[in-house]
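Data first, discussion second: the structure below is written as structure tokens.
Ligands are counted one by one from 1 in listed order, and the atoms in each one are counted from 1 as well. Hydrogens, waters and symmetry mates play no part in the numbers below; they use all other heavy atoms, side chains included.
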Amino acid sequence: MESSKKPSENDSELLNLIKEMKKGNRRAVARLITKVENGGPEVSKQIIKEIYPETGKSYIIGITGSPGSGKSTLTNQIASEYLNKGLKVSIIAVDPTSPFSGGALLGDRIRMKSNFTNKNLFIRSMANRGKLGGLAMATKEAIHLLDAFGSNIIIVETVGVGQSEIDIFKSAHTTLVIMPPGMGDEIQAIKAGITEITDIFVVNKMDRDGADKRVNELETMLDIAENIMVDQNNQNIRIIKSKKWRPPVIKTNALTGENVPNLIGLIETHHKFSKTSGLKKQRLTYRYKHYVVDIIQYFQNKDIERLIFSNPKINEFIDQILSYKIGSDPYSISEIILELFSKRYFS
Ligand SMILES: Nc1nc2c(ncn2[C@@H]2O[C@H](COP(=O)(O)OP(=O)(O)O)[C@@H](O)[C@H]2O)c(=O)[nH]1
Ligand SMILES: [Mg+2]
């Protein structure tokens, strides 16, 4: 990997911002996140190397669900609960569809709700898909920054649609999936990718009709997923609980805050479970495996383009392609080039 050379004043600006961020300067952390968003892995590399030993301390909560399910309202409630406990809370609203939604609105709501200016609250919305490393990558770096910033809790709110959002959630300690009543027949759709990342199902809008029905649907789905074992000797059907975590299903009203303290309790229970069961270590391993792959892919892609374009032999290969013969199509030629590469890298 080629080390990127930045002008030294740039370096000292970064170092200065990092120093300020560690002192708790919110503007500094905001600017660093912007640098990560715009500068991609070249800039992140310099930042992460500096701050890494200060990370690994925050508790990361992921919140996902369809638009309108109440994610932002619930995030507000959860953040308030933690703020009232005296904790430092950061919120990242990942919304690729609307650059200015989420964060700003959410901030207004929290500010409206509480009379004090929340020194302990930091809110950021991220929407920049960018070319450099992508949104999921920038979000991971932002999480590290907010971790080093000293956040006790980091809440990541995102619309659970694409693969990159799923990746973000695989990075969380505890992931909440919001399934309010009356939002069509989405359980079927949700089943596919979301169940594997769900730690707690939240039936928000419990004040609406159909909340109990939704709870039952989810419990039934979990029964099936859990591979129910029926005790034949017993007249009654007995469900033998597996040692795995079964996502609890909880109803909330994010407008009034009803049941939110119980939800916080479930998050705490899940936290304890993941520490004792080894799940926490498993998740961290997963997170950093993928992080490393992302980093290597990014830098290797850049290397590959440079190596191929600067290699004099490339024009011979292209001439072969231009002969339009069998075996000289772009795929076959790429395979040959790739083979030359892997010999170079691994022998
Ligand atoms: N009745 C009811 N409305 C809610 C509840 N939670 C959120 N809402 C409303 O649902 C709408 C969407 O909420 P929002 O938090 O923006 O959803 P998001 O798109 O998932 O972030 C807003 O009008 C909220 O006021 C709830 O528990 N009950
Ligand atoms: Mg929202």
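Summarising the geometry, atom CG belonging to Leu17 is positioned 11.5 Å from atom CD1 belonging to Ile33; distances are rounded to the nearest 0.5 Å.
Residue contact check: Asn253 has heavy atoms under 4.0 Å from atoms 26 (C), 27 (O), 28 (N) of ligand 1. Numbered from 1 in the order shown, with element, the atoms of ligand 1 that lie under 4.0 Å from a heavy atom of Ser66 read 20 (O). Those atoms of ligand 1 that come under 4.0 Å of a heavy atom in Pro67, given as number and element, are 19 (O). Which parts of ligand 1 touch Ala254 is read off a 4.0 Å heavy-atom cut-off, strictly below it: atoms 6 (N), 26 (C), 27 (O). Near Glu157, the atoms of ligand 1 lying under 4.0 angstrom from a non-hydrogen atom of the residue are 21 (O).
Counting heavy atoms closer than 4.0 Å to ligand 1, residue Asp207 contributes side-chain atoms (C-beta onward) but none from N, CA, C or O.
At a threshold of 2.8 Å, the Mg ion (ligand 2) has no backbone or side-chain N, O or S atom of Thr73 nearer than that distance.
The option with the heavy atom closest to atom 26 (C) of ligand 1, from among Lys71, Glu258, Arg208, Lys205, is Lys205.
The shortest N or O to N or O distance between Gly68 and ligand 1 is under 3.5 Å. The distance criterion of under 3.5 Å between nitrogen or oxygen atoms is not met by Leu74 with respect to ligand 1.
No hydrogens or angles considered: a donor-acceptor pair under 3.5 Å links the side chains of Ser72 and Glu157. Neither side chain, Thr55 nor Asp147, offers a donor N or O lying under 3.5 Å from an acceptor on the other. A donor-acceptor contact closer than 3.5 angstrom is absent between the side chains of Tyr59 and Glu268.
The salt bridge (charged side-chain N to carboxylate O under 4.0 Å, His left out) test applied to Lys251 returns Asp212, not counting sequence neighbours.
A salt bridge does not link Glu141 with Lys35: every distance from a Lys NZ or Arg NE/NH1/NH2 to an Asp or Glu carboxylate oxygen is 4.0 Å or more. Here Glu37 pairs with Arg124 in a salt bridge; the nearest charged N to carboxylate O distance falls below 4.0 Å.
Its N, O or S atom nearest to the Mg ion (ligand 2) is what matters here, and for Glu157 that atom is OE2.
Close to ligand 1: Ser69, with a non-hydrogen atom less than 4.0 angstrom away.
For the pair Lys244 and Phe273, the cation-pi test (distance below 6.0 Å, angle within 45°) is failed.
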